[in-house]
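Heads up: the structure comes next, in structure tokens.
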Amino acid sequence: MLKHVFRPGDMGGLTLANRIVMGAMHLNLETREDGGAAVAAFYAERARGGAGLIVTGGCAVSPEGSGGRHYARIDDPARHRALGAWADAVHREGGRIALQLFHAGRYTSAAATGRIPVAPSAVPGPFGVPRALDEDGIADLLDAFAAGAARARELGFDAVEVMASEGYLLNQFLSPLTNLREDRWGGDARRRTRFPLAVLDAVRASAGPDFPVLFRISGADLMEGSSTAEEVQRFARLLARAGVAALNVGVGWHESRTPTVQSIVEPGAWVGHAARIRRSLRRAGLSTPVIASNRINRLELAERVLADGDADFVSMARPFLADPGIVRKSRLVNGPAPNVCIACNEACIDRSLGDEPVSCLVNPRAGRETEFPVPVRRRRAGRGRFAVVGGGPAGLEGARALASLGHRVELFEAGAELGGQFRLARLVPGKADFGATVGYFAGELRRLGVTVRLNHPVDAPDAESLRRFDGVLVATGVLPRPAGLPGEHLPHVVDYRQAFARPEALGERVVVIGGGGIAVDLAHLLTPLHSVTLLRRSGRIGDGMGRSTRWAVLAELRRHGAEWLTGVRYEAVLPGGVLLTDVDGVRRLLPADSVVIAAGQVPADGLRLPLTGLGIPFRLVGGAADARGLNAVRAVEQGLRAAYEL
Ligand code: SF4
């Protein structure tokens, strides 16, 4: 079915088993003092999972080029053993690996690198004003890229990819927004391409003309006044003529206000940029392969991109966090369905922007492969008998992990369906894939032989029945917290779960008491049909949402007419609305036909005391353990950890 995906391909003489490239992801594991073991295990699992080519996370060519505290550095001899271990690990699995040569330019800080950031011009970046490179500095950088490529080859990498996209240094040279130079490295569009082209020449000269060099270019910067589509295409043709092995087409600068990778972005939204570049190359008689990337989360979509002739390869990054075996599984007839990246960004991009190790909400083993090894022979591994109470995200992952360790597992779910809070999330525009996560786990539990008992609550009085298990994972989730307001029990007041279940039952004007992630999700669901106002006592609307998502979702809500008030004191719910005192101290009635309480949750932890009393070993995970700032990443990770520790 995926016949285009599974056709072997060629990049500059490097033969790849299929058309799927695992795109570069910075993991914040790169500087671990483990000889490269954690990253090697991460890459090895993806090579085993069928990635045609793995591109490493950005590997800085010089100290000030590093994007953060934990970036790999190709110029640092102390890191070479670890880098070589990555390449070896991938090769042992029969995979191919390219090292990404990286320089952040103005996208880094002195705090992260201990050096003043450098850039084509002194245009302020997110962390301050960089120093404009002088001629010597540019020459040094060309040497650094050249040395990096030669070193990558020596260390066993099959190729390099030069990062010239997403607003990093080479992209900064290309753009009139950040390259204000009047010398030979700037001034007009042609001269702005000179530095990236010089990098390509230097890299090819030092690593050898037979060593494949990929370029990651920006199909569109999504910054007003930046390079035009014609300039981008011309640059692509120049690179192709100069001998790049492939052009990997990215999109959007980090400071762009156009969402590119959030769940509200339609999958495949950016393929058009790769397609236009490919057409421009072909019209010029150039056959350089083009790689489409960004927000392609399923192999079926990749297949369509390839079949339509929009690209020669497809780069997928986050989908390999969600499921390292995504390619291999898709090849098997009647094989298990792969886990799907839901574009939440919470454990990956949001963490990579800081210092935390990257992982994945729907696959918390990602980045922790050495900590949570999967036994080769599952049946022999564990012999325990475990109960999981609650079929939300934490319970699902706990049950899956326990069964993958070879234990016999029974899962008790009070409702008629698995999924917990994900059943609500999947209703929100752009979040339908949360339903795919539930489907994936349900399939895995079936495959691993977990007994699932739906409509089977296990409450405190039933605790005795859990004696027959060696341990219990309590993942009973949360209950909505009452707001404690007079009038809260009036007929036009509902809690958020009721509002999610029957949005059509709400009146025209809806006031939501609460402004956290759940309230924002609910507003997103309601705005097409209702006028919505969110109220928050303290903090910002959407606090707790991920850094890369909050701004994009709030902008979308504003576009749909949602409003919000912060710093308010709620006084009471009245038949005509919510009585409040606003931030200016004015007491007023905010009219509402329906009022939704989304003022937080309390743990549903009724099993804690009886299990303790009975001496049954148990672990509380997810919202049942801690309902503050309900956090799905934390919940799912706790499910995994508990399975290994019970
Ligand atoms: Fe995808 Fe979310 Fe996992 Fe990141 S954390 S890979 S966005 S599912």
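Ligands are counted one by one from 1 in listed order, and the atoms in each one are counted from 1 as well. Only this structure's heavy atoms are used, side chains among them; waters, hydrogens and symmetry mates stay out.
- Near Ile342, meaning under 4.0 Å from any of its heavy atoms, are these atoms of ligand 1: 1 (Fe), 8 (S).
- Classified by interplanar angle (parallel below 30°, tilted 30° to 60°, perpendicular above 60°), the ring pair Tyr107/His254 is tilted.
- The option from Pro364, Cys341, Cys360 that lies nearest to atom 1 (Fe) of ligand 1, judged by heavy atoms, is Cys341.
- Of all the atoms in ligand 1, the ones that sit under 4.0 Å from a non-hydrogen atom of Asn345 are 2 (Fe), 7 (S).
- Geometrically, Arg295 does not engage Trp270 in a cation-pi contact defined by less than 6.0 Å to the ring centre and at most 45° from the axis.
- Counting heavy-atom neighbours within 6.0 Å of Arg628 CZ, excluding the residue itself, gives a total of 12 or less.
- Close approach of ligand 1 to Ala343 (heavy-atom distance below 4.0 Å) involves ligand atoms 1 (Fe), 7 (S).
- Contact atoms of ligand 1 toward Ala347: 5 (S) (distance under 4.0 Å to a heavy atom of the residue).
- For the 3.5 Å distance criterion, the side chains of Glu303 and His4 qualify, holding a donor opposite an acceptor.
- Both tests pass for Arg46 against the ring of Phe42: distance under 6.0 Å to the centre and angle within 45° of the axis.
- Protein heavy atom closest to atom 2 (Fe) of ligand 1, with residue, atom name and distance, is Cys344 SG, 2.3 Å.
- Atoms of ligand 1 found under 4.0 Å from any heavy atom of Leu361, numbered from 1 in the order shown, are 3 (Fe), 5 (S).
- Counting heavy atoms under 4.0 Å from ligand 1, residue Leu321 touches it through the side chain alone.
- Put simply, the side chain of Asn339 never gets that close to the backbone of Tyr440: no donor and acceptor are under 3.5 Å apart.
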side-chain contact (heavy atoms from CB on, under 4.5 Å) assessment of Ile217 paired with Ile277: CA-CA 10 Å; Ile217 64 169; Ile277 287 169; 3.9 Å; yes
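- Nearest-residue assignment for atom 4 (Fe) of ligand 1 (options Cys348, Ala322, Ser263; heavy-atom criterion): Cys348.
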